[in-house]
Amino acid sequence: MELLPQVILDGILIGGIYITIAIGFSLVFGVMHIIDFAVGEWIMLGAFLGYYLNGWTGLDPFALLPVVFVVFFGIGYLIQPAIQRVISGHRGNPLLMGLVFTFGIMLIIRGLGLTIFGFYSRSIPSKLAASSWLFEKGDFFLTVPFVRLAGLAFAVAITLVLHYMLKKTDFGTGVRALAQHKESAGLMGVDSHKTNCIIYGIYVGISAMTGVLVCTIFSMTPMEGGRYTVLAFFVVVLAGMGYLPGVPWAALFLGLIQSIFIVYLSASYTLLAVFVVLYIILLISPKGLFGRGW
Amino acid sequence: MKRMTWITLFLALSLVTAGAVGAEAPVFKIGVITSLSGGLATGGNVTKQGYEMWAKRVNDAGGIEINGKQYPVKLIYGDAQSEPSQAASAAERLAAQEKIDFALGPYSSGVTLAAAPVLEKYKIPMVTGSAESPLIWREKFKFTFGTIPPVNFTGSSALNVIATLDPPPKRAVVIGSNDAFSKATAETFRDTCEKLKIKVMKYDIVPSGQDLTPYMSAVRAMRPDVIAFGGHDEELIRLVKALRQIHYAPKALLMHYGVTEPAFIEALGKDAEQVYGASVWTPTLKTKGGLIWPDAQSYAADIKAAFGIVPDYTMAACSAAGLAFQAAVMQLGAAPPLDEAQKLALVDVLEKLDIHTFYGPIKFSHEGEFYHANTGLTPLAFRSRVARPLSSVRPTTRRHRRSTP
Amino acid sequence: MNVLEVDNISVRYGDIQALWDVGFGVREGQLVTILGTNGAGKTTTLKTIAGVLQPFSGNVRFNGSLISGLPAHEVADAGISLVPEGRQLFPQLNVEDNLRMGSYLKRTKVRRDQNLKSVYNLFPVLAERKKQEAQTLSGGEQQMLAIGRALMQDPKLIMFDEPSLGLAPILVQEVFNIIRELSRQGRTILLVEQNVHQALKISDYCYVLENGRIVHEGTGKDLEQDPKVREAYLGI
Ligand SMILES: Nc1ncnc2c1ncn2[C@@H]1O[C@H](COP(=O)(O)OP(=O)(O)OP(=O)(O)O)[C@@H](O)[C@H]1O
Ligand SMILES: [Mg+2]
């Protein structure tokens with residue numbers, strides 16, 4: 001029982017990482033109905049940019065986040081029109097076309113990643129990674145790893161910034177309008193092309209920053225993107241496809257059950273258990289935890 | 001007359017070209033079945049570099065000398081794509097279409113288990129420089145050999161060293177990643193602990209890629225003396241980072257082979273310090289070789305010049321697999337292409353092989369649970385000590401001692 | 001001088017052609033109505049003017065400059081608003097955010113507070129329901145919101161696509177009163193209606209669309225007297 005506080009804390013900290021993995025992904029699905037198979041690859045690329053920047057400048061990875069964001073915002077902004085073209089073709093199912101296209105992007109990035117970065121696993125050093133708070137009293141103890149706490153703070157910050165942008169700015173209202181009714185948004189003067197590019201840029205930028213975070217907390221190889229794509233799917237499906245406010249809660253929920261299962265039940269079947277829980281929830285509420293997804 | 005000159009010239013030219021084609025010297029066609037793509041591409045490419053290095057050195061010297069004539073080797077790749085099924089079809093293609101004389105084996109045990117039966121069917125001998133799962137040798141494939149001893153042969157060595165620490169460790173937690181090799185490693189750790197009277201408090205096989213921090217928090221509450229982990233480098237790095245983040249250092253952290261891999265040390269930097277591991281080869285090992293490389297250092301220098309990296313034991317074992325073939329076929333005295341009888345004879349020679357290389361002795365066991373695995377080596381135990389910054393590619397010197405066999 | 005000049009536009013959806021050489025004009029301050037049965041091409045006409053659809057031949061000019069070929073958001077910026085058929089609100093935005101979307105453009109943002117006040121004056125019910133999601137409004141309230149949203153755009157030309165559709169008779173009357181009032185204020189209006197009686201009464205000039213072609217035109221009075229129109233559209 002003395003483990004419980006630690007278990008809950010660890011769950012929340014894992015959940016924080018899941019938030020950043022999934023939030024941009026959910027945003028993009030909500031606004032333009034693209035399921036981006038390459039989400040893990042953006043994370044991977046961001047991790048490597050962070051790794052090399054850290055090597056060249058010696059700056060702490062957290063200080064590099066803005067640079068990584070700007071670079072990948074640009075990439076996302078430039079690449080979006082290609083995706084839009086594919087999904088707005090008049091034939092076929094746009095959702096499926098998007099899936100297939102981004103699957104292709106994923107394969108290309110992964111292949112290039114392997115060629116350019118090599119096969120080895122990289123990890124970004126951070127001063128924060130070696131320190132933690134430790135409370136200990138008899139059998140009771142609680143460790144708070146700084147680097148993960150920073151990760152959670154980052155996740156909360158991203159969530160708040162996105163929330164502010166979407167709810168309090170005209171641009172954000174335009175984005176929500178675009179998501180709800182594309183044609184009417186156009187009539188109101190929303191340039192859907194440009195807005196899509198910006199949103200996609202924000203998403204790629206957030207994902208890349210997540211990569212830096214993940215590479216600091218864990219490690220990264222060019223083949224590893226798929227793992228994060230799966231996680232992003234899990235969280236977003238649980239939150240309800242495209243229902244952004246559900247993402248932080250779904251992410252924390254997933255982190256918590258994972259942490260509880262791994263300690264109190266079996267470490268061997270944690271992922272299976274997470275999957276079963278997800279399945280049951282979707283059975284009861286097919287539109288996610290809050291019943292507000294697609 | 002002018003026309004005649006032209007025609008003669010043309011005829012002469014075609015004769016020369018035809019002659020050149022006809023006179024092309026026979027080569028040893030060697031199939032390399034390994035994962036160049038997919039999840040195991042990291043390891044797969046390590047094996048590829050090892051095989052390539054050997055082939056390059058052989059061909060630089062003009063080839064393998066058989067009865068006074070030189071025959072070069074030609075590597076033909078079959079990408080196993082990290083999938084057993086793809087490994088089988090790659091083996092099938094190499095055997096049936098390319099008509100290879102001989103095969104060099106895949107990275108990872110699962111893939112090897114799929115390729116071996118196909119080569120068995122075509123009666124093509126294979127030496128692999130990577131498979132480490134005991135499962136392979138239990139299958140007793142007649143045509144499959146391996147230069148790395150299985151984990152159950154080597155894995156116990158590091159624990160034996162740890163058992164001599166003062167005070168001696170009493171309690172251990174053993175974790176294994178969920179794949180054939182890692183599971184076997186974890187099993188070996190568990191069994192050896194029991195043999196050494198170290199109590200195994202917790203034993204778990206965990207799916208790869210999982211965040212182990214909560215698990216480690218729980219482990220810490222149990223206060224074990226030893227944490228032993230069987231897994232590939234990726235998971236090892238994550239585990240060490242997780243421990244570091246929760247500020248927990250067990251007396252001994254044991255992680256099989258990964259510890260000596262340059263990638264591991266590069267990725268972890270200072271974190272790799274307290275880690276124990278076992279290995280069969282390092283670039284600083286004292287060895288004496290007959291073929292190509294006289295010792296481990298010269299091999300390491302060669303790899304460094306060719307690929308800019310420090311070879312790990314897998315790469316060395318792969319180059320050594322090539323050496324094993326080279327030695328065997330020289331003893332046999334058979335020129336390419338090898339017919340079926342010669343391939344069978346080659347298996348006999350391999351079984352009796354007893355050579356010394358830069359990698360250490362190669363001597364394949366021909367019975368029991370290590371059937372066709374190289375049991376000529378003495379496993380080493382390591383303590384990883386690194387003081388280099390992270391950006392450095394070079395691992396620095398490590399103290400290592402011979403374990404009690 | 002025509003503010004809006006539709007010059008022989010032809011439009012198709014994929015392989016299906018919906019408009020054939022449709023041409024007409026709207027003068028400054030006029031209220032012009034397009035009549036037509038279901039599927040005649042009325043909505044297609046308005047959407048083409050609004051830039052949602054593009055003609056494959058012909059063009060549209062607004063205040064003398066070419067607007068066909070421009071995307072919807074640029075047409076909106078030029079000063080044309082559409083109150084679309086079936087309201088097409090942003091269902092999960094609240095009433096105020098729907099209205100604010102009307103002044104998304106820089107051109108209109110500066111007058112946002114002023115316009116909001118006058119829309120709330122015109123439709124007090126919207127002021128009461130400011131924070132309510134648009135999808136929870138009644139049909140009539142939704143129509144008010146759709147009109148209010150268009151007014152927020154400070155349009156030089158406002159187009160209504162069957163604003164009375166699906167409303168109770170009292171509300172139909174109210175909608176027409178509003179349109180008449182807007183017209184009286186001097187606004188230029190292009191109205192599409194199937195409620196021919198009401199529409200003819202308030203419009204200055206009418207066009208009748210049939211199977212994607214304009215077949216009649218004239219003042220409201222003229223058409224009311226036209227026997228063919230009477231038979232086909234007034235059921236007399
Ligand atoms: N998206 C579409 N794809 C294909 N055909 C369409 C599409 N929209 C409209 N049409 C066709 O174009 C023609 C004109 O349609 P439109 O919507 O303009 O008619 P309308 O006059 O507005 O009818 P209503 O009074 O029913 O609203 C119709 O035959 C219709 O079937
Ligand atoms: Mg219509």
Side-chain angles (χ1 to χ4, degrees), chain A residues 2-3 6-7 9-11 13-14 17 51 54-56 58 110-111 114 118-125 128-134 139 141-148 216-224 226-227 230-231 255 258-264 266-272, chain B residues 36-46 49 82 175-176 178 202-222 232-242 244-248 258 261-264 266-271 307 309 389-391 393:
Chain A
E2 61 273 14
L3 263 178
Q6 182 72 52
V7 167
L9 178 78
D10 284 337
L13 294 177
I14 295 174
I17 298 168
Y51 173 81
N54 170 272
W56 294 329
R110 193 175 291 185
L114 272 174
F119 308 92
Y120 295 130
S121 158
R122 311 285 164 141
S123 117
I124 308 175
L128 290 173
S131 30
S132 55
W133 269 315
L134 177 65
D139 270 349
F141 68 89
L142 193 63
T143 323
V144 189
F146 277 177
V147 65
R148 286 181 181 230
T216 308
I217 296 176
F218 308 116
S219 62
M220 186 59 75
T221 71
M223 278 97 54
E224 222 182 332
R227 178 180 292 168
V230 170
L231 278 173
Q258 190 176 332
S259 166
I260 290 168
F261 269 93
I262 201 171
V263 172
Y264 291 111
S266 162
S268 318
Y269 300 106
T270 313
L271 286 188
L272 186 70
Chain B
L36 302 175
S37 57
L40 298 169
T42 311
N45 279 275
V46 169
Q49 288 173 329
S82 310
I175 317 150
N178 196 6
K202 203 167 164 54
Y203 173 77
D204 275 305
I205 300 298
V206 297
S208 71
Q210 190 153 202
D211 183 358
L212 287 172
T213 317
Y215 184 87
M216 282 304 146
S217 295
V219 165
R220 160 202 244 173
M222 299 177 152
H232 290 281
D233 55 343
E234 189 55 36
E235 275 99 43
L236 304 184
I237 291 169
R238 281 167 177 253
L239 183 76
V240 174
K241 288 193 99 173
R244 186 99 175 153
Q245 283 163 21
I246 64 170
H247 244 282
Y248 171 51
E261 284 181 26
F264 177 77
E266 181 195 355
L268 272 179
K270 268 170 54 194
D271 285 347
F307 305 116
I309 51 174
L390 208 80
S391 52
V393 183

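Here is the naming used below: chain letters follow the sequence lines, and residue numbers restart at 1 for every chain.
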**Complete:** With chain A, the option among B:Asn178, B:Val219, B:Val206 that has the most non-hydrogen atom pairs under 4.5 Å is B:Val206
**Message:** Only pairs of heavy atoms separated by less than 4.5 Å count here; which of A:Leu128, A:Thr143, A:Ile17, A:Ile262 has the most with chain B?
**Reply:** A:Ile262
**Message:** Could you report the tightest heavy-atom contact between A:Ile14 and B:Pro214, atom names first, then the distance?
**Reply:** CD1-CG, 3.6 Å
**Request:** Apply ring-ring contact (aromatic ring centres under 6.0 Å, His included) to A:Phe146 and list each qualifying residue two or more places apart in sequence or on a separate chain.
**Result:** A:Trp133
**Message:** Counting only non-hydrogen atoms closer than 4.5 Å, does B:Asp211 touch chain A with its backbone (N, CA, C, O), its side chain (CB onward), both, or neither?
**Reply:** both
**Message:** Testing the 3.5 Å rule here: is there a donor-acceptor pair between the side chains of B:Lys241 and A:Ser123?
**Reply:** yes
**Asked** So among A:Val263, A:Leu142, A:Val7, A:Asp10, which one has a side chain to side chain contact (heavy atoms under 4.5 Å, CB included) with B:Ser217?
**Response** A:Asp10
**Message:** Quick check on A:Ile217 against chain B: is it the side chain, the backbone, both or neither that has a heavy atom closer than 4.5 Å?
**Reply:** both
**Message:** Quick check on A:Val147 against chain B: is it the side chain, the backbone, both or neither that has a heavy atom closer than 4.5 Å?
**Reply:** side chain
**Item:** Segment of A:Arg148 engaging chain B (4.5 angstrom heavy-atom cut-off)
**Value:** side chain
**Prompt:** Who passes salt bridge (Lys or Arg N to Asp or Glu O under 4.0 Å) against A:Arg227, sequence neighbours left out?
**Reply:** A:Glu224
**Asked** Nearest 0.5 Å, what's the CZ-OG1 distance between A:Phe218 and B:Thr213?
**Response** 6.0 Å
